[in-house]
Structure formats: structure tokens, C-alpha cells
There are 2 protein chains.
Amino acid sequence: MKTLSQTEENYLKEIFHLSTAVEDRVSTNSLAARLNSKASSITDMLQKLADKGFVEYVKYKGCFLTELGESIAIQIIRKHRLWETFLVNKLNFGWEEVHAVAEQLEHIDSLKLIDSLDHFLNYPKFDPHGDPIPDKNGNIVYRESILQLIEVAPNSLVEVVAVSEDSLALLKFLEQHGLRLESELEILEKYPFDESMRIRSAKGEEINLSKKVAENIRVKFLAKI
Amino acid sequence: MKTLSQTEENYLKEIFHLSTAVEDRVSTNSLAARLNSKASSITDMLQKLADKGFVEYVKYKGCFLTELGESIAIQIIRKHRLWETFLVNKLNFGWEEVHAVAEQLEHIDSLKLIDSLDHFLNYPKFDPHGDPIPDKNGNIVYRESILQLIEVAPNSLVEVVAVSEDSLALLKFLEQHGLRLESELEILEKYPFDESMRIRSAKGEEINLSKKVAENIRVKFLAKI
DNA sequence: TTTAATTTTTAGGTTTGTCTAAAAAAATTA
DNA sequence: TAATTTTTTTAGACAAACCTAAAAATTAAA
Ligand SMILES: [Mn+2]
Ligand SMILES: [Mn+2]
Ligand SMILES: [Mn+2]
Ligand SMILES: [Mn+2]
């Protein structure tokens with residue numbers, strides 16, 4: 001199988017993320033926004049990816065990955081998350097520093113490398129942001145009963161299990177308030193006018209979280225208080 | 001400092017290797033041969049690199065690196081050799097498997113990454129092929145009194161200290177005969193008609209080495225026998 | 001020191017991935 | 001349903017890195 005360009009790989013990865021998280025058929029404009037590119041460039045590339053059999057694409061109707069395209073996307077995500085794990089676990093990077101470097105490392109092409117790395121890291125199941133790491137065969141084990149913090153009702157106790165990985169500012173903010181994976185926190189109050197919320201961290205600090213922040217923290221429900 | 005393309009980095013690296021190992025001013029054709037490219041392509045790129053201040057280039061007279069160009073080349077070589085060391089020491093790659101992967105990894109752009117890696121590997125001085133690893137400041141400590149095996153007279157005992165790194169076939173050949181870094185061997189006889197030689201390995205095996213092979217093994221003289 | 005061979009450069013193209021501006025289709029609103 | 005707005009595609013260009021073929025400069029041979 002001939003190897004794809006970095007650009008093509010980034011397109012497939014982004015189509016995968018959008019089609020699992022947001023829309024079934026991925027629109028030209030949503031890709032343009034995520035890839036910091038223009039709609040016309042996206043159209044060009046979608047035609048090429050469709051020719052090569054990586055996506056199904058119908059003019060004006062958006063696209064989705066073929067089985068082949070999806071398996072490639074998953075392997076790139078596997079590499080991305082394994083490298084992030086390496087950087088945090090072995091090289092002592094902070095979780096907010098790894099994404100940018102992993103965006104480069106995910107394109108290194110060597111099966112032996114990535115399998116050896118997986119072994120070296122002891123076959124980790126989740127990356128530093130709580131996201132599942134696909135295995136060699138592309139299987140992804142999603143966690144059960146995870147919800148966005150913003151969906152949780154007041155007077156609930158929850159545990160942080162994942163955070164949106166690609167916002168540097170968010171990760172720094174969480175770091176600053178001692179919020180990380182496995183942190184427990186209590187939802188004190190929700191303010192409907194701006195969808196912000198007030199929470200109490202494990203060590204008693206009360207923190208206001210904006211809508212944006214609360215959307216990007218994923219938690220597991222622990223108890224009613 | 002804005003970041004160079006992978007292609008530009010490869011040109012600088014190759015100019016560095018050729019101008020230290022072979023010729024003071026690097027010719028268009030020698031670059032074309034090393035970069036598997038055509039002379040006309042080299043000319044184009046040299047003009048660009050000269051514009052950007054990485055090389056001195058005079059039409060028809062070849063080129064050499066500026067101080068800036070050299071410092072960039074050395075940092076790429078540093079990355080290449082650190083990654084090779086990582087692959088062998090941590091991921092259990094064979095020394096013949098690492099060069100191709102390092103050719104990709106050397107272009108990853110993150111100072112923190114490479115310095116952390118250096119630390120993680122315990123500041124190695126030499127890579128798996130015996131080549132010196134430049135430090136953070138670009139200093140390279142070359143070994144004293146190293147010669148090519150082909151230059152050594154019969155009845156000498158020598159120790160292998162480095163091998164040409166980028167020939168897969170050579171490395172596999174050496175591996176097969178148990179020849180590696182720190183191996184001791186005895187030069188038995190030299191055959192002038194094809195410049196081949198006969199040697200005896202530490203464990204007594206007698207092996208014939210072609211000119212090509214004997215040129216690409218670097219040794220330290222130990223004793224006359 | 002001419003002539004011949006070799007090396008290097010220029011001229012003119014190609015491919016990949018991008019862009020802007022204009023046209024076409026689809027979705028919304030009236 | 002007709003008009004308007006939004007989304008998407010097409011048309012035409014551009015920069016990077018490469019190529020082939022032809023011209024020019026340099027080097028080697030006669
Ligand atoms: Mn990431
Ligand atoms: Mn992640
Ligand atoms: Mn190498
Ligand atoms: Mn090496």
C-alpha cells in the first residue's frame with residue numbers, strides 16, 4: 001500500500017473526528033474550519049481522496065470515510081496517542097505540551113516503530129487526555145457512561161476521565177486549578193444565562209467554569225450529594 | 001527563526017556530510033548523486049539556499065555552508081543520531097534498521113523533545129554506528145586516530161569503532177559475521193588486484209572483505225601481531 | 001591551443017496543495 | 001413558491017520541488 005502525504009493523512013483524521021463526534025456526513029465547510037483552510041481547497045482534496053477510494057463523496061452532500069479510509073485514520077490516531085503517552089510518561093512533558101509535537105510524530109511511517117513503542121509503553125489503553133488508544137488492529141474501546149461536564153446536574157459528584165486535547169489554553173487552565181484526570185469534583189450551581197457553572201475541586205477550591213470549558217471536560221458520574 | 005522544509009534540511013545535511021568527508025566546495029553533481037536527484041534540481045535549490053543565507057554558492061563553482069547553515073545541519077544530525085540511539089537502546093531495533101526511520105524522525109521540530117530525549121538516553125556520545133552525537137550547542141567530538149580498515153597493514157590487530165551507517169546491505173553482512181562495534185579483528189592478508197582483504201574475527205572465523213566493505217569500516221589500531 | 005567531453009545552468013513543464021473570485025446549487029425566509 | 005442567503009463547486013493562479021532537453025561554461029584530451 002503506497003503511502004499517503006501528510007496532508008492526506010490530516011484530512012482523513014479530521015473527517016474521522018468530525019464524523020464520529022459531530023455529523024454523519026462531513027460538510028465541506030466544517031472541514032475547512034477544522035483544517036484552517038478554504039472550502040475550495042477542501043473540495044479539491046475530497047475529489048482526490050474519493051478517486052483514491054478513501055472517502056465517499058457526493059457533490060454538495062459532504063463525505064464520509066470508506067472502510068479503507070477509516071482504518072488509515074484510526075492508525076494515525078493510534079500513533080498520535082501513543083506518542084503523546086510516550087512524551088508524558090517517558091519524557092516528562094506536561095499534558096498541555098504534547099499535542100503539537102504529536103501532530104508531527106503521527107506521520108512517521110514505520111509499523112515496527114509504533115508497535116515497539118506500544119510495547120515499550122506497556123500497551124497503554126488511554127492517552128494523557130483520557131482518550132482511548134486504538135490497538136494494532138484498529139479496535140477502539142470507548143468508555144461507558146461518559147458525559148460532558150456541562151450536562152451534569154448540580155449537587156453531583158463526578159470524576160474527570162478525559163479532556164479536549166487540542167486546546168492549549170484549556171489544558172493550562174485546568175492545570176492551574178489542579179484539575180486533571182481522575183480529579184473528583186462537585187457541581188455546586190449552574191447559571192442558565194451563560195451556561196457557566198460553579199464547581200468545588202477535591203481540595204475545596206471553588207471555581208467558575210465557562211460554557212466552553214464545561215463542554216470540554218468529560219466526566220463519570222459518581223454520586224448525588 | 002522560521003522553520004525549513006524537510007527538503008531544505010536534507011540538502012543542508014548532505015552538503016555538510018560531503019564538505020567534511022569529501023570535498024571542500026561541494027559540487028552540483030555530487031549532491032545530485034547523494035540526494036537521488038537531478039543536477040538541474042540541485043541548481044534551483046542551491047540558488048534558494050544561497051538567497052536565504054544558508055550556503056555560499058558561486059555559479060559553476062559549487063557551494064559550502066555558511067555558519068548558520070552549518071549549525072542547522074549539525075542540529076539535524078544531532079536529532080538523527082539521538083533517534084537512532086533511542087531505537088536501538090530503548091526499542092530494541094537492530095543497528096541496520098534504524099537509519100531509514102531516523103531519516104524521518106530527524107525532521108521533527110521541537111527543541112524540548114530532543115533535549116528531553118538526550119536526557120532520557122543519558123547523554124550518549126556515539127550513535128549505534130559509532131558516529132559522534134553533536135551536543136546541544138553543536139559541538140562534535142571526533143575520535144582520535146581512527147582509520148578506514150582498508151588502510152591497515154596485514155598482521156595488525158584492530159578494534160571496530162564505527163561503520164558506514166547508511167548501507168543496509170553492509171550492516172546486515174557485518175551482523176551475519178558477528179562483526180559489530182568493539183569487535184576485535186586481525187588483518188591477515190591484502191589482495192592488491194581488487195583491494196580486498198582477508199581478516200580473522202575475534203572468534204576465529206576467517207572472512208574475505210571486498211574493497212567496498214573495508215572502506216566502510218572504521219577501526220582503531222591495537223597492536224602488531 | 002583547439003577540439004572534445006563533462007559539468008552545470010537555463011528554459012520550459014508537471015504535480016501537489018493552496019488561494020481568490022465567480023458561478024452554481026441548496027437551504028432559508030418571506 | 002419566489003426571493004434571498006448560505007454553502008459548495010469551478011475557473012484560473014501561484015509557490016515548492018521536481019523533471020527533461022537544450023544551451024553555456026568548465027575541464028580534459030589531442
Ligand atoms: Mn493530541
Ligand atoms: Mn490526546
Ligand atoms: Mn543514520
Ligand atoms: Mn548513525
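- D:dT9 atom P lies 7 Å from atom OH of A:Tyr60, rounded to whole Å.
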Would you be so kind as to tabulate the donor-acceptor pairs closer than 3.5 Å made by side chains of residues 52-60 of chain B, with sequence neighbours excluded?
from, atom 1, to, atom 2, distance (Å)
B:Lys52, NZ, B:Glu8, OE2, 2.7

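- Rounded to whole angstrom, the span from the CG atom of B:Asp44 across to the P atom of C:dT9 amounts to 10 Å.
- Separating the CD1 atom of B:Ile42 from the P atom of D:dC19 is a distance of 8 Å, rounded to the nearest angstrom.
- For residues 26-48 of chain A, the set of pairs meeting the ring-ring contact (aromatic ring centres under 6.0 Å, His included) definition, not counting sequence neighbours, is empty.
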Under-3.5 Å N/O pairs linking protein and nucleotides 20-22 of chain D:
from, atom 1, to, atom 2, distance (Å)
D:dT20, OP2, B:Lys38, NZ, 3.2
D:dT20, O4, B:Ser40, OG, 2.9

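- With C:dT8, D:dT8, C:dC19 as the choices, the nucleotide that has an atom nearest any side-chain atom of A:Ser37 turns out to be C:dC19.
- Salt bridge A:Asp135/A:Arg78: absent, no basic N to carboxylate O contact under 4.0 Å.
- Atom CG in A:Asn10 sits about 17 Å away from atom P in C:dT16, given to the nearest Å.
- Regarding B:Lys59, its NZ atom lies at a distance of 8 Å from the P atom of D:dA25, rounded to whole Å.
- Within the shown strands, D:dA21 is the pairing partner of C:dT10 under the Watson-Crick or G-U definition, both distances less than 3.5 Å.
- The side chain of A:Ser27 sits closest to D:dT8 out of C:dT18, D:dT8, C:dT10.
- Residues A:Trp83 and A:Ile114 have side chains in contact (heavy-atom distance under 4.5 Å, counting atoms from C-beta outward).
- Two residues are said to be in side-chain contact when any heavy atoms from C-beta on lie closer than 4.5 Å; B:Asp109 and A:Gln104 meet this criterion.
- A:Leu46 has its CG atom 14 Å from the C1' atom of D:dT7, to the nearest Å.
- Judged by a 6.0 Å distance limit and a 45° cone about the ring axis, A:Lys112 is positioned over the six-membered ring of B:Phe93.
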